[in-house]
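Written out below as structure tokens is the structure these notes cover.
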Amino acid sequence: MAEMTYLQKIDAAAQAVERACGRAEIAVVLGSGLGDYADALENAKYIDYHDIPYFPVSTVPGHKGRWHTGTLHGKRVCMMQGRFHAYEGYDLNDVTLPVRVMQKLGVKTFVVTNAAGGVNLAFNAGDLMLITDFINLSGKNPLTGPNLDAFGPRFPDMSRAMDRDLIKQTLATAAKLGIPLQQGVYAWLNGPTFETPAEIRMTRTLGADAVGMSTVPEIIVARHGGMRVLGVSCITNMAAGVVDQPLNHEEVMEMGNRVKDTFRKLLDGVIETM
Ligand code: HPA
């Protein structure tokens, strides 16, 4: 059989997800340690990534690999338990295939979460940070290649990548619930190495408040598709060189785990306002 085109892969994956779980208006990508939040969905159905044609399978501990759709605060919400990263060796078309599937399934609001290293010296490990903007330091862009005209324009605007109304709603929700919330710029570096102290000083000079290895490709594709985007990072650790101490993934997961109940409360409060 001839090689499937990317559009055919999107269609095949979207059909499998729709058959198993139905459509949705809001999508949430659950980052490291946040996967449990999928329990909050009522009347939920799920499909494992390995049963979705052309879907990659996540290889990172703490990322489960299941798509859930159900009802939350009266809205149809899908949640991805586990995401894909460029450092796993996936092409950015594969990393962002789920976002294209969401667009096919009717998603208009895209909520993305992640674990990130704190660059801003006023932050502390365990803080939550509302993403107000991003810097793409990966040298890659998921929209490289022929434009998918059916999904969005060749040259998408990124001047308001993060939705201003959702930012306001999230700040108001955090204030109402008494949840401290930092705000800042997320810089995407490829990984899988944690950064060097010199790279972290560079990102600080460039205006970053946090660094991580995900999220930006998904935001770019969601914006290409005209979705409203909200992003929240869990600052699981201060980035390299801030404290004189090596970094490891166990520490990232442990802090994610400690903060997840607060993270969940914040997300839940915001989704209620959507
Ligand atoms: N750097 C990059 N990605 C991360 C970090 C970090 O320090 N912590 C969690 N994800």
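Each ligand, and each atom within it, is numbered from 1 in the order the structure gives. All residue numbers refer to positions in the sequence shown, counting from 1.
- Counting heavy atoms from C-beta outward, Ser138 and Tyr87 have side chains that stay 4.5 Å or more apart.
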Under 3.5 Å, sequence neighbours excluded: what are the donor-acceptor pairs made by side chains of residues 116-123?
| from | atom 1 | to | atom 2 | distance (Å) |
| --- | --- | --- | --- | --- |
| Asn120 | OD1 | Ala122 | N | 2.8 |
| Asn120 | ND2 | Asp209 | OD1 | 2.9 |

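- Judged as a side-chain hydrogen bond (donor to acceptor under 3.5 Å, both in side chains), the pairs with a partner in residues 160-173 (not counting sequence neighbours) are, in order, Gln169-Thr273.
- Side chain to side chain, His68 and Asp39 fail the donor-acceptor criterion of an N or O pair below 3.5 Å.
- In this structure, Phe110 CZ and Gln103 CD are separated by 11.0 Å, a value rounded to the nearest 0.5 Å.
- The residues lining ligand 1, counting any heavy atom closer than 4.0 Å, are Ala115, Ala116, Gly117, Phe194, Glu195, Val211, Gly212, Met213, Thr236, Asn237, Leu247, Val252.
- Applying the side-chain hydrogen bond (donor to acceptor under 3.5 Å, both in side chains) rule to pairs touching residues 231-247 yields Asn114-Ser233, sequence neighbours excluded.
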